[in-house]
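Below: one structure, written as structure tokens.
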There are 2 protein chains.
Amino acid sequence: MTAKQDRGRQTIRILLDAALDIFADEGVEGFTITSVVNRSGVSVGSLYHHFGSFDGLSTALYAQCTAEVMDTMIDTMHRASTARTGIEAMARSYLRWSRDHRPKSLVLHTARESEYRPAVAEVKRSRLVEIEKWLMPHIEAGRVQALSPVVIELLTMGPLAMTVGRWLENMPGIDLDEAITVMPECIWFSVKGPVG
Amino acid sequence: MTAKQDRGRQTIRILLDAALDIFADEGVEGFTITSVVNRSGVSVGSLYHHFGSFDGLSTALYAQCTAEVMDTMIDTMHRASTARTGIEAMARSYLRWSRDHRPKSLVLHTARESEYRPAVAEVKRSRLVEIEKWLMPHIEAGRVQALSPVVIELLTMGPLAMTVGRWLENMPGIDLDEAITVMPECIWFSVKGPVG
DNA sequence: TGTACATCAGTGAACGCGCGTTCACTGATGTAC
DNA sequence: TGTACATCAGTGAACGCGCGTTCACTGATGTAC
């Protein structure tokens with residue numbers, strides 16, 4: 001039973017790893033079922049057995065990367081003691097993770113996937129709830145502006161996502177290390193609001 | 001001479017209009033050379049005569065939409081008298097334009113194009129220079145934090161772009177009118193910095 | 001323990017489809033004398 | 001003004017390619033008795 005399941009799990013891993021390697025080497029353009037099959041050495045039929053479709057593989061990869069960044073950020077958040085340090089640390093955490101996991105970041109920013117596919121949405125939902133749970137007391141105490149959680153997410157993740165997106169495209173003038181130094185504080189100002 | 005050039009210009013218009021209609025009705029997925037040719041009634045050969053390739057048409061459409069939003073924002077900016085009203089008005093201007101030009105906004109957010117294609121980069125460059133010219137005095141006077149223009153662009157456009165992107169995907173919980181009310185001020189706080 | 005059967009995992013040739021592109025061509029407009 | 005020529009604009013059948021998918025099949029592992 002275990003051995004059987006393990007064989008399958010290993011194939012799934014091999015396929016997802018190959019997919020990630022393709023993003024690293026050739027970008028989205030190179031990411032096709034043919035390239036995944038060739039690089040992994042796994043047959044098309046086997047890929048279909050496990051993922052149902054190419055889209056299924058694609059979504060699984062996207063969901064996995066999403067889970068990884070968000071877990072990293074949440075982990076950082078829990079170590080912070082104030083609203084300010086929490087927000088700033090999360091921002092830094094996202095930028096650092098992106099810098100250190102370029103291929104996965106490339107998946108998140110260029111894959112022909114939407115964050116709103118059910119499989120991905122579920123991965124995000126539970127994690128956003130956790131962040132919201134941490135945030136609420138700070139809002140109630142007035143340390144963070146009384147904004148809807150969605151708006152706060154947009155204010156914090158917006159600049160970060162755009163920064164990383166451009167960095168991935170190798171746009172000139174984008175210095176991720178400068179962003180790590182400078183942006184978290186600015187983002188804090190935007191959610192803190194006028195008081196204090 | 002004029003008549004000849006006009007005939008060509010008209011064809012170009014017809015093609016770009018058809019492309020935009022396709023984005024409106026079917027999204028990026030439906031945007032193929034076949035669909036553009038069918039909808040416009042123009043022949044493939046003629047499309048190639050004017051744009052060189054399907055990619056050429058695609059880039060032209062993207063560049064046109066880019067020019068339109070940016071010109072709208074700059075126009076708004078010039079009417080503002082303070083740093084704060086300028087930044088806030090630009091943010092509002094972008095969100096309003098997106099709401100009122102959904103198809104063009106869809107092109108900007110979903111087209112398989114990069115902002116960094118030469119043809120598009122040039123359209124952006126000259127306009128960014130103009131914004132920078134407006135911004136510099138405010139930075140020098142300390143009314144806006146001493147950040148690089150790129151970082152300021154990321155801080156302001158990041159949240160806006162993410163908001164519009166999600167609105168275009170019909171994500172639940174995204175209210176563009178709420179964003180228009182609330183976000184510009186937050187963005188101002190992020191670029192203003194700690195003082196004041 | 002051995003054997004029969006069921007289920008899971010994996011194979012790869014074959015398929016249809018629609019994409020972007022080419023090319024030899026005709027028609028319209030402008031230019032020269 | 002007329003005619004000859006050059007250039008620009010437009011046509012659409014034909015092409016090759018690579019994509020995602022299917023399917024009839026074999027092999028491996030687990031289960032029952």
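Proteins come first, then strands; the chains are lettered A, B, ... in the order of their sequence lines, and each starts at number 1. Because the structure is a prediction, the values reported are computed rather than measured.
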### Message
Measure CG/B:Asp6 against C1'/D:dC8 and give the value in whole Å, please.
### Response
14 Å
### Query
Are A:His50 and C:dG10 close enough that a side-chain N or O sits under 4.0 Å from OP1 or OP2?
yes
### Short side-chain N/O contact to D:dG20 OP1/OP2 from A:Ser53, under 4.0 Å
no
### Query
Atom CG of B:Leu15 to atom P of C:dG20: distance rounded to whole Å?
14 Å
### Closest to side chain of A:Val42, choosing from C:dC19, D:dG10, C:dT11
C:dT11
### Message
Using the side-chain heavy atoms of A:Ser46, tell me which of these nucleotides is nearest: D:dT22, D:dA9, C:dT11.
### Response
C:dT11
### Task
Could you check how far NE2 of B:His49 sits from P of D:dG12, rounded to whole Å?
16 Å
### Task
Nearest whole angstrom, please: distance from the P of D:dT21 to the CZ of A:Phe51.
14 Å
### Query
Do A:Ile174 and B:Leu154 touch side chain to side chain, with heavy atoms closer than 4.5 Å?
yes
### Query
Are B:Thr76 and B:Ser93 close enough that a side-chain donor and a side-chain acceptor fall under 3.5 Å?
yes
### Task
Starting at atom OH of B:Tyr48, determine the distance to atom P of D:dC8, rounded to an integer number of angstrom.
21 Å
### Summary
Mate of D:dG2 across any strand shown (Watson-Crick or G-U wobble, both atom pairs under 3.5 Å) is C:dC33
### Message
Side chain of A:Ser43, heavy atoms from C-beta onward: which of D:dG20, D:dA9, C:dT11 has the nearest atom to it?
### Response
C:dT11
### Summary
The nucleotide from C:dG20, C:dA13, D:dA9 with an atom nearest the side chain of A:Val44 is C:dA13
### Query
Any chance the side chains of B:Glu113 and B:Ser58 put a donor and an acceptor closer than 3.5 Å?
yes
### Message
Side chain of B:Thr34 only, heavy atoms from C-beta on: which candidate in C:dG20, C:dA9, D:dT21 is closest?
### Response
C:dG20
### Query
With respect to the side chain of A:Thr32, which nucleotide from C:dA28, D:dC19, C:dG10 is positioned closest?
D:dC19
### Message
Closest approach to the side chain of B:Arg7, judged atom by atom: which nucleotide of D:dA28, D:dG10, D:dT22 is it?
### Response
D:dG10
### Message
Is it true that A:Thr82 and A:Thr85 share a donor-acceptor pair across their side chains at a distance under 3.5 Å?
### Response
yes
